[in-house]
Amino acid sequence: MESVASAQFLKNLFNKSNTAATTTQVSAASTNGQAAGAALKSLYTSYKSTGKLDMGNITNIMNLATLATNIKDLKGQTNKTQFYKDFAAGLITGSNNLVSQSNSSAVMSGLSNLVNNVDLSALQGNASQIASKGTTAIENATAISESVSNILNLFKK
């Protein structure tokens, strides 16, 4: 009888820690999605007013750094994973509905393509360090700019 109770206790303990780990992962995905969405919204606002993604604008570089830092965990994820789905939901919220249910698949595809095929390491990490280096910190500026511009074009009406 005691071993059955111990086994049940261990089972319950394992289930609780599993739930906590899943909740933490969901929170991280949603939080990263929200930050990425806010950065995309700011980049789009600038893009809409100038007609291009100005890589000489330090605010754009900071928003690209925020985007790069927050999409890094999308690497290797597919649209079937919970992380991907939670990130997409956070992206919609963070962008203040610039990213919507109808365009979220295309935006997520663009972000996944960016994180999986472009070296974003120069943009990831400490934003103040990136700002102090300016555009020289961006080794793949053209590839990054083209990829992000393609995503921003999705929002044109």
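Each residue takes its place number in the sequence, starting with 1.
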[X] side chain to [Y] main-chain N or O, any donor-acceptor pair under 3.5 Å?
| X | Y | result |
| --- | --- | --- |
| Thr81 | Thr78 | yes |
| Ser46 | Leu43 | no |
| Ser104 | Gln101 | yes |

Distance from [X] atom [atom1] to [Y] atom [atom2], nearest 0.5 Å?
| X | Y | atom1 | atom2 | value |
| --- | --- | --- | --- | --- |
| Asp54 | Ile61 | CG | CD1 | 8.0 Å |
| Thr50 | Asn57 | OG1 | CG | 8.0 Å |
| Leu111 | Gln77 | CG | CD | 13.0 Å |
| Gln34 | Leu91 | CD | CG | 10.0 Å |

Indicate the atoms forming the closest heavy-atom contact of [X] with [Y], along with that distance.
| X | Y | answer |
| --- | --- | --- |
| Ser149 | Leu53 | OG-CB, 3.6 Å |
| Leu114 | Ser147 | CD1-CB, 3.4 Å |
| Ser42 | Asn63 | CB-ND2, 3.3 Å |
| Phe155 | Tyr44 | O-OH, 3.3 Å |
| Asn116 | Gly76 | OD1-N, 3.1 Å |

message = Applying the side-chain contact (heavy atoms from CB on, under 4.5 Å) criterion to Met108, which one of Leu74, Asn79, Ile71 satisfies it?
response =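 Result: among Leu74, Asn79, Ile71, Leu74 is the only option passing the side-chain contact (heavy atoms from CB on, under 4.5 Å) with Met108.
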query = Where do Thr69 and Asn32 land on the side chain to side chain contact (heavy atoms under 4.5 Å, CB included) test, with the steps shown first?
reply = CA-CA 9 Å; Thr69 299; Asn32 289 353; over 6 Å; no
request  = Could you give me the CA-CA distance, side-chain angles and deciding distance for Leu120 and Leu64, then say whether side chain to side chain contact (heavy atoms under 4.5 Å, CB included) is met?
outcome  = CA-CA 10 Å; Leu120 299 174; Leu64 283 171; over 6 Å; no
inquiry  = Can you pull out every side-chain hydrogen bond (donor to acceptor under 3.5 Å, both in side chains) where at least one residue sits in residues 88-100? Sequence neighbours excluded, please.
reply    =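 side-chain hydrogen bond (donor to acceptor under 3.5 Å, both in side chains) check on residues 88-100 returns Ser100-Ser102, Ser100-Asn103.
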query = Using a distance-only test with no angle check, is there a side-chain donor-acceptor pair under 3.5 angstrom linking Ser30 and Asp86?
reply =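 Result is no, nothing qualifies.
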request  = Would you kindly say whether Tyr47 and Asn153 are connected by a side-chain donor-acceptor distance under 3.5 Å?
outcome  =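 Note: Tyr47 and Asn153 side chains meet the donor-acceptor criterion.
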inquiry  = Assess the residue pair Asp73 and Phe87 against the criterion (side chain to side chain contact (heavy atoms under 4.5 Å, CB included)); give the C-alpha distance rounded to whole Å, side-chain angles, the decisive distance to 0.1 Å, and a yes or no.
reply    = CA-CA 10 Å; Asp73 292 334; Phe87 186 96; over 6 Å; no
